[in-house]
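Have a look at the structure below, then the notes.
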Amino acid sequence: NENLLDNWYFVGGGTVGNFPINQRGKASYNVEYSYTFDRWLSSAVSTYPVTIEVDGVVAEGGIRQIHEDWQEASWAGKTMTASVLLESGLSTFTFTYPDSTNRAGVGSSDGVIVIGRVQNYGWNKPTFGIFPDETKIIAAKLEFGAKQTLARRTATSWQLLEIPDYTVELAKCQQYFERIHLPVGVPMIRCKTNLLKFTTEMVQEKRLDAPTITPQEMYVTRFSDNAGVYGAFVKKEPTCSSVGRCIIVSFEDEWVNVVNAGDAAYLGGKSYIDISAEL
């Protein structure tokens, strides 16, 4: 059966090319009710960090994946099965998916899986929650029907019935969040006095027409003498906008006129842009 969760395989260490998809790049996230590795939020205060290890994810305080309102409306009343494979074994249960009026939600008898609409922390969205205590999380699945197809039991251990395709899962995640790393030397276009621009492109179109775009660690230097347009390489944050997959980055303030007519400038440091259409 199709797995209705994104980024559901947690073994590999989270480095580039290895599960789980982890575009933010940290090995451990000490955040409160905020996003960690792709599509999964911390469900606890920062004293319970979410840590990505090679053989699974440690999330003593729990993690949640938020779903769309239209998914909740489509699933409501249908028979579904939720499963989580932990280092200690398999947790699974079959249930009728709750509609938006059910604030209590449903969960597995062992307390590992909790499904329902969460209104705390400003979310008010349907969620799939995993609360493993101190046990590592290996994989999770939400599917239609009354049987779990995540893993099978052998004589000595649980074995997953499938391993996801990394490229496919990355593309799913990038509809919600994408980090674009920019190399040193991206050329700037001097549009007019006090205005420099360059463009780059998202890999995936986002689920929102106007995602939040946040530039990080950017500054500009001149080609002529490698001097910092903003003085001694003081980092300034440009403004960003998007049209489809195109991102337009603009540096505009009183310091940009250091780049005179006929001068050229470039991006002077390894930087990145975060594009968020998270739920």
Side-chain angles (χ1 to χ4, degrees), residues 3-68 83-87 121 123 125 127-132 134-142 150 160 162-183 200-208 211-217 247 270-279:
N3 195 335
L4 301 172
L5 300 175
D6 298 328
N7 199 21
W8 55 267
Y9 183 50
F10 302 143
V11 173
T15 53
V16 176
N18 294 297
F19 282 107
I21 308 297
N22 182 31
Q23 293 185 83
R24 293 175 179 86
K26 294 183 180 179
S28 186
Y29 293 86
N30 290 70
V31 294
E32 298 186 7
Y33 315 114
S34 299
Y35 277 97
T36 59
F37 60 99
D38 283 54
R39 297 287 287 117
W40 293 93
L41 295 109
S42 166
S43 194
V45 296
S46 59
T47 51
Y48 296 98
V50 176
T51 302
I52 304 169
E53 299 184 1
V54 173
D55 53 351
V57 167
V58 178
E60 188 176 345
I63 54 176
R64 294 180 186 267
Q65 185 165 125
I66 298 181
H67 289 118
E68 305 262 17
S83 308
V84 174
L85 183 59
L86 303 172
E87 190 177 40
Y121 327 120
W123 295 344
K125 292 286 185 180
T127 67
F128 182 104
I130 305 174
F131 297 87
E134 298 179 0
T135 305
K136 290 177 184 176
I137 312 167
I138 296 171
K141 188 166 189 175
L142 176 64
L150 175 64
L160 291 176
E162 65 172 323
I163 301 295
D165 181 281
Y166 184 90
T167 302
V168 170
E169 292 302 309
L170 176 60
K172 291 179 185 177
C173 292
Q174 286 178 332
Q175 294 177 48
Y176 296 86
F177 176 83
E178 185 179 340
R179 175 166 288 181
I180 299 175
H181 292 275
L182 299 166
T200 186
E201 191 174 50
M202 307 178 202
V203 174
Q204 294 286 337
E205 288 193 16
K206 302 298 173 278
R207 52 172 290 277
L208 299 176
T212 301
I213 304 174
T214 308
Q216 303 283 352
E217 304 295 318
I247 300 172
K270 290 183 179 180
S271 53
Y272 60 92
I273 300 171
D274 283 346
I275 307 109
S276 177
E278 299 280 21
L279 291 160

Ring centres under 6.0 angstrom apart (Trp40, Tyr29): no

Aromatic centroids of Phe177 and Tyr35 separated by under 6.0 Å: no

If you round to the nearest 0.5 Å, how far is [atom2] of [Y] from [atom1] of [X]?
{"X": "Phe10", "Y": "Ile21", "atom1": "CZ", "atom2": "CD1", "value": "11.5 Å"}
{"X": "Leu5", "Y": "Leu142", "atom1": "CG", "atom2": "CG", "value": "5.0 Å"}
{"X": "Tyr33", "Y": "Ser43", "atom1": "OH", "atom2": "OG", "value": "7.0 Å"}
{"X": "Leu170", "Y": "Asn22", "atom1": "CG", "atom2": "CG", "value": "11.5 Å"}
{"X": "Leu182", "Y": "Glu217", "atom1": "CG", "atom2": "CD", "value": "12.0 Å"}
{"X": "Ser34", "Y": "Arg24", "atom1": "OG", "atom2": "CZ", "value": "9.0 Å"}

Could you tell me whether [X] atom [atom1] has more than 12 heavy atoms of other residues or ligands within 6.0 Å of it?
{"X": "Glu201", "atom1": "CD", "result": "yes"}
{"X": "Tyr272", "atom1": "OH", "result": "yes"}
{"X": "Lys26", "atom1": "NZ", "result": "no"}

Looking only at atom types and distance, does a side-chain atom of [X] sit under 3.5 Å from a main-chain N or O of [Y], one as donor and one as acceptor?
{"X": "Arg39", "Y": "Ile66", "value": "yes"}
{"X": "Arg179", "Y": "Ile273", "value": "no"}
{"X": "Glu205", "Y": "Gln175", "value": "no"}
{"X": "Ser42", "Y": "Ala44", "value": "yes"}

Can you tell if the side chain of [X] reaches within under 4.5 Å of the side chain of [Y], non-hydrogen atoms only?
{"X": "Glu162", "Y": "Lys141", "value": "yes"}
{"X": "Val11", "Y": "Ile163", "value": "no"}
{"X": "Ser271", "Y": "Gln216", "value": "no"}
{"X": "Leu160", "Y": "Tyr9", "value": "yes"}
{"X": "Asn30", "Y": "Tyr48", "value": "no"}
{"X": "Val31", "Y": "Thr36", "value": "yes"}
{"X": "Val84", "Y": "Phe128", "value": "yes"}
{"X": "Ile63", "Y": "Val50", "value": "yes"}

Chi angles and distances behind the salt bridge (Lys or Arg N to Asp or Glu O under 4.0 Å) call for Glu68, Lys125: CA-CA 7 Å; Glu68 305 262 17; Lys125 292 286 185 180; 5.6 Å; no

Test side chain to side chain contact (heavy atoms under 4.5 Å, CB included) applied to Lys136 and Leu86, step by step: CA-CA 6 Å; Lys136 290 177 184 176; Leu86 303 172; over 6 Å; no

Partner set under side chain to side chain contact (heavy atoms under 4.5 Å, CB included) for Thr15, not counting sequence neighbours: Asn18

Under the side chain to side chain contact (heavy atoms under 4.5 Å, CB included) test, residues paired with Pro211 that sit two or more places apart: Met202, Lys206, Ser242, Ile275, Ala277

Derivation and outcome, side chain to side chain contact (heavy atoms under 4.5 Å, CB included), residues Leu150 and Trp8: CA-CA 10 Å; Leu150 175 64; Trp8 55 267; 4.0 Å; yes

Atom of [X], atom of [Y] and distance for their closest heavy-atom approach:
{"X": "Asn7", "Y": "Cys173", "result": "CB-SG, 3.7 Å"}
{"X": "Pro132", "Y": "Ala59", "result": "CD-O, 3.2 Å"}
{"X": "Ser28", "Y": "Pro49", "result": "OG-CB, 3.8 Å"}

Thr51 vs Val57, side chain to side chain contact (heavy atoms under 4.5 Å, CB included): CA-CA, chis, key distance, verdict: CA-CA 6 Å; Thr51 302; Val57 167; over 6 Å; no

Gln204: partners by side-chain hydrogen bond (donor to acceptor under 3.5 Å, both in side chains), with sequence neighbours left out: none

Residue from Lys172, Gln65, Gln23 passing side chain to side chain donor-acceptor pair (under 3.5 Å) with Asp38: Gln23

Phe19/Ile52 under side chain to side chain contact (heavy atoms under 4.5 Å, CB included): CA gap, chis, key distance, verdict: CA-CA 10 Å; Phe19 282 107; Ile52 304 169; over 6 Å; no

